[in-house]
Amino acid sequence: AKYTWVEKDTCIACGACGATAPDIYDYDDEGLAEVIYESDANRGVTEIPDDLFDDLQDACDGCPTDSIKIADVPFNKEG
Ligand code: F3S
């Protein structure tokens with residue numbers, strides 16, 4: 001299983017992740033990325049399905065500030 005979360009404190013709203021993985025990431029009112037998959041709301045608790053793993057990894061690799069976090073266990077963040 002994979003879980004993901006965006007560290008908004010370091011996101012610079014570059015916009016790459018939502019273009020690469022639109023099913024996983026979108027942007028808040030300030031243009032900062034967040035996980036929108038199902039009802040995750042950037043908590044990092046929603047299991048990302050296998051068929052999105054390539055998008056997930058590409059988005060992580062493409063983020064210029066390493067703000068996209070991926071782990072095998074839930075993050076349990078709040079927003
Ligand atoms: Fe932010 Fe990185 Fe996405 S800077 S907009 S999390 S690619």
Side-chain angles (χ1 to χ4, degrees):
K2 293 291 183 192
Y3 299 85
T4 181
W5 177 75
V6 178
E7 176 83 59
K8 289 195 183 192
D9 287 347
T10 56
C11 172
I12 56 169
C14 83
C17 55
T20 301
D23 293 326
I24 305 173
Y25 307 101
D26 203 348
Y27 310 103
D28 66 14
D29 292 343
E30 298 175 4
L32 301 176
E34 56 190 12
V35 176
I36 49 92
Y37 186 74
E38 294 193 334
S39 56
D40 191 73
N42 207 39
R43 290 172 297 155
V45 297
T46 308
E47 190 172 336
I48 305 300
D50 292 12
D51 62 344
L52 291 177
F53 279 8
D54 284 350
D55 283 359
L56 181 66
Q57 194 60 54
D58 287 350
C60 183
D61 292 346
C63 178
T65 59
D66 291 329
S67 299
I68 294 180
K69 311 301 183 185
I70 300 175
D72 297 333
V73 293
F75 286 93
N76 292 319
K77 298 287 186 178
E78 293 183 16

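Worth knowing before you read on, the calculation uses all heavy atoms, side chains too, and leaves out hydrogens, waters and symmetry mates.
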Shortest non-hydrogen separation from [X] to [Y] and the atoms involved:
X: Glu30; Y: Ala13; result: O-CB, 4.3 Å
X: Asp28; Y: Lys8; result: OD2-NZ, 2.8 Å
X: Trp5; Y: Arg43; result: CD1-C, 4.0 Å
X: Phe53; Y: Lys2; result: CZ-CG, 3.3 Å

Quick one, Tyr3 and Asp72 - any side-chain contact, counting heavy atoms below 4.5 Å?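 No - every pair of side-chain heavy atoms lies 4.5 Å or more apart.
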Does some side-chain heavy atom of Ile24 sit less than 4.5 Å from a side-chain heavy atom of Ile48?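 The answer is yes; the side chains approach within 4.5 Å.
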Residues 61-69, side-chain donor-acceptor partners within the protein, below 3.5 Å, at least two apart:
residue: Asp61; atom: OD1; partner: Gln57; partner atom: NE2; Å: 3.0
residue: Thr65; atom: OG1; partner: Thr10; partner atom: O; Å: 3.2
residue: Thr65; atom: OG1; partner: Ser67; partner atom: OG; Å: 2.6
residue: Ser67; atom: OG; partner: Thr10; partner atom: O; Å: 3.4
residue: Ser67; atom: OG; partner: Thr10; partner atom: OG1; Å: 2.8
residue: Ser67; atom: OG; partner: Cys11; partner atom: N; Å: 3.2
residue: Lys69; atom: NZ; partner: Asp66; partner atom: O; Å: 2.8

Straight-line distance of Asp54 CG to Leu56 CG, nearest 0.5 Å: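 Interatomic distance, Asp54 CG to Leu56 CG, rounded to 0.5 Å: 9.5 Å.
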Distance check, rounded to the nearest 0.5 Å: Asp26 atom CG versus Ile36 atom CD1?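 One finds 5.5 Å between CG of Asp26 and CD1 of Ile36.
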Would Val6 and Val45 show up in the same hydrophobic cluster when neighbours are defined by side-chain heavy atoms closer than 4.5 Å?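 No, no single cluster joins them.
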Scan residues 13-25 for pairs that pass side chain to side chain donor-acceptor pair (under 3.5 Å), counting only residues two or more places apart or in two chains.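 Sorted pair list: Thr4-Tyr25.
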side-chain contact (heavy atoms from CB on, under 4.5 Å) evaluation trace for Thr46 with Val35: CA-CA 9 Å; Thr46 308; Val35 176; 6.0 Å; no
Holding to side chain to side chain donor-acceptor pair (under 3.5 Å), I want the full list of residues that pass it with Asn76, two or more places apart in sequence or in another chain.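 For Asn76, no residue satisfies side chain to side chain donor-acceptor pair (under 3.5 Å) once neighbours in sequence are set aside.
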Is there a donor-acceptor contact under 3.5 Å from the side chain of Asp58 to the main chain of Ala21?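 Checked: no pair found.
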